[in-house]
Structure formats: structure tokens, C-alpha cells
Amino acid sequence: MRPRVSATVTTPASSGMRNQASEEPKPRGRSVFWLSLATGVIGLGVIGGALAVRNAFGHMVPMTQQQRAAFDRSLASVRDHLSSPEVARFSTPGEGETWASDLGNRVFISRGTVVAPNGAGLMVRQEWQVAYDAAASRVLYLRVGDERSGDINAAVAAAKVPAGQRL
């Protein structure tokens with residue numbers, strides 16, 4: 001007599017494995033649609049963040065044409081202040097603490113960061129802030145790193161900023 005041998009056969013269904021040959025392919029239309037929609041929403045959020053700035057109260061708001069013009073003039077003032085402006089990298093509105101705000105009476109304040117070479121040639125990240133009087137087309141206050149010119153209090157007085165509003 002022969003000894004009895006028992007063999008257990010596992011089917012793909014019982015083992016948790018899928019039989020890929022017997023499954024029908026799923027239509028890809030829905031997943032592609034949702035992936036495209038999610039990518040579009042994320043893209044709009046990134047673009048919206050880049051086009052927004054902080055107002056004087058710290059809220060993100062879209063930048064007006066006047067704010068953009070004042071911001072661009074402020075960047076030009078900071079570039080004029082740097083020893084090597086051609087290699088400087090500036091932050092953009094909506095990135096970190098980069099923004100422009102209308103203080104009133106056409107006085108704008110802009111703030112951001114710049115990475116530029118210092119006197120020793122090393123790339124250094126510095127914060128900058130500019131108060132710009134658009135009516136008189138002049139810079140009232142400029143700060144790049146620790147260097148300052150002008151008076152921030154005069155800029156605030158020119159704008160007639162209410163007490164308690166932060167800059």
C-alpha cells in the first residue's frame with residue numbers, strides 16, 4: 001500500500017492574490033479626471049499665493065497695480081543700494097514675509113528678503129524694507145540688513161497711519 005499524500009492547492013482567490021489575466025482593465029477616464037482636477041486646484045493655489053501680498057494687518061490680499069508699482073520701485077531702490085545687484089536673488093510677493101501695503105496718502109511700505117554677496121563676497125540673506133511716497137516719487141525710508149537710511153517715523157507721519165497699526 002502506498003502512503004496517502006495530501007496536497008493543498010491554493011487558488012488566487014483564496015490566497016488574496018489577484019489573477020490579473022482574468023480581471024478586466026478599469027477605465028482610466030475617471031482617475032485621470034480627478035488627478036487633473038487636483039493638479040489644477042493645487043496649481044491655482046500656488047499661483048494665487050504668488051500673486052497675493054500681506055496688508056498692514058498681516059492678511060493675504062491681492063496686490064493692486066499701485067502696490068505693484070511701489071513694490072517694483074522699492075526693489076529698484078534696494079538694487080541701487082547693493083554692491084552686486086546683478087547676482088542678487090529677491091523674494092517674490094506672497095513668498096514668506098514679502099509684501100507691499102498702502103499706508104494711506106499714497107505712501108507704500110514694502111518688505112522682503114534678498115540673497116546677495118556681502119563685502120567679503122559671501123552670499124548673505126538679508127531682510128529689506130522700503131517706505132515709498134508715490135505722490136512725490138521718493139523713498140522715505142530704506143533698510144537693507146542693518147543699514148538704514150531715512151526715518152520710518154517720518155514715513156508713518158506722512159501716511160497718517162492710525163495708532164496701533166503695525167508695519
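- Taking both residues in full, the closest heavy atoms of Thr113 and Arg125 are given as CG2-NH2, 3.1 Å, listed atom of the first, atom of the second, then distance.
- At a threshold of 4.5 Å between non-hydrogen side-chain atoms, the residues Arg68 and Pro93 count as touching.
- Nearest heavy atom pair, residue Ala155 against residue Val107, reads O-CG1, 4.0 Å.
- Considering every non-hydrogen atom in both Thr98 and Gly112, the closest pair reads OG1-CA, 3.6 Å.
- Ring geometry, Trp128 versus Phe90: the interplanar angle exceeds 60°, so the pair is classed perpendicular (tilted spans 30 to 60°).
- In this model, no donor atom of one side chain and acceptor atom of the other lie less than 3.5 Å apart for Tyr132 and Arg138.
- Without hydrogens or angle criteria, Gln126 side chain to Val114 main chain gives no donor-acceptor distance under 3.5 Å.
- At most 12 heavy atoms of other shown residues, nucleotides or ligands fall within 6.0 angstrom of atom CG in Asp146.
- Phe108 and Phe71 fall into different hydrophobic clusters, where Ile, Leu, Val, Met, Phe, Trp and Tyr are joined by side-chain heavy atoms under 4.5 Å apart, directly or via other members.
- Summarising the geometry of Ala158 relative to Asn105, their closest heavy-atom pair is O-ND2, 3.3 Å, with the distance given to 0.1 Å.
- Checked by atom type and distance alone, the side chain of Asp133 pairs as donor or acceptor with a backbone atom of Ala135 at under 3.5 Å.
- Ser84 places no side-chain N or O within donor-acceptor distance of the main-chain N or O of Pro117, the cut-off being under 3.5 Å.
- The closest side-chain heavy-atom distance from Ser77 to His81 is not below 4.5 Å.
- For Gln67 (side chain) and Thr64 (main-chain N/O), a donor-acceptor pair under 3.5 Å exists by modelled atom type.
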side-chain contact (heavy atoms from CB on, under 4.5 Å) between Glu97 and Glu127, intermediate numbers included
CA-CA 9 Å; Glu97 289 295 317; Glu127 292 182 359; over 6 Å; no
Walk me through whether Arg79 and Glu86 qualify under side-chain contact (heavy atoms from CB on, under 4.5 Å).
CA-CA 8 Å; Arg79 277 192 182 92; Glu86 63 279 353; over 6 Å; no
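- In this structure, a donor-acceptor pair under 3.5 Å is present between the side chains of Glu95 and Thr92.
- Atom CD1 of Ile152 is separated from atom CG of Leu140 by 8.5 Å, given to the nearest 0.5 angstrom.
- Once rounded to the nearest 0.5 Å, the distance linking CD of Gln129 with CH2 of Trp99 reads 6.5 Å.
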Quick one, Val78 with Leu142, criterion side-chain contact (heavy atoms from CB on, under 4.5 Å). Give me CA distance, side-chain angles, the key distance, then yes/no.
CA-CA 8 Å; Val78 174; Leu142 171 73; 3.9 Å; yes
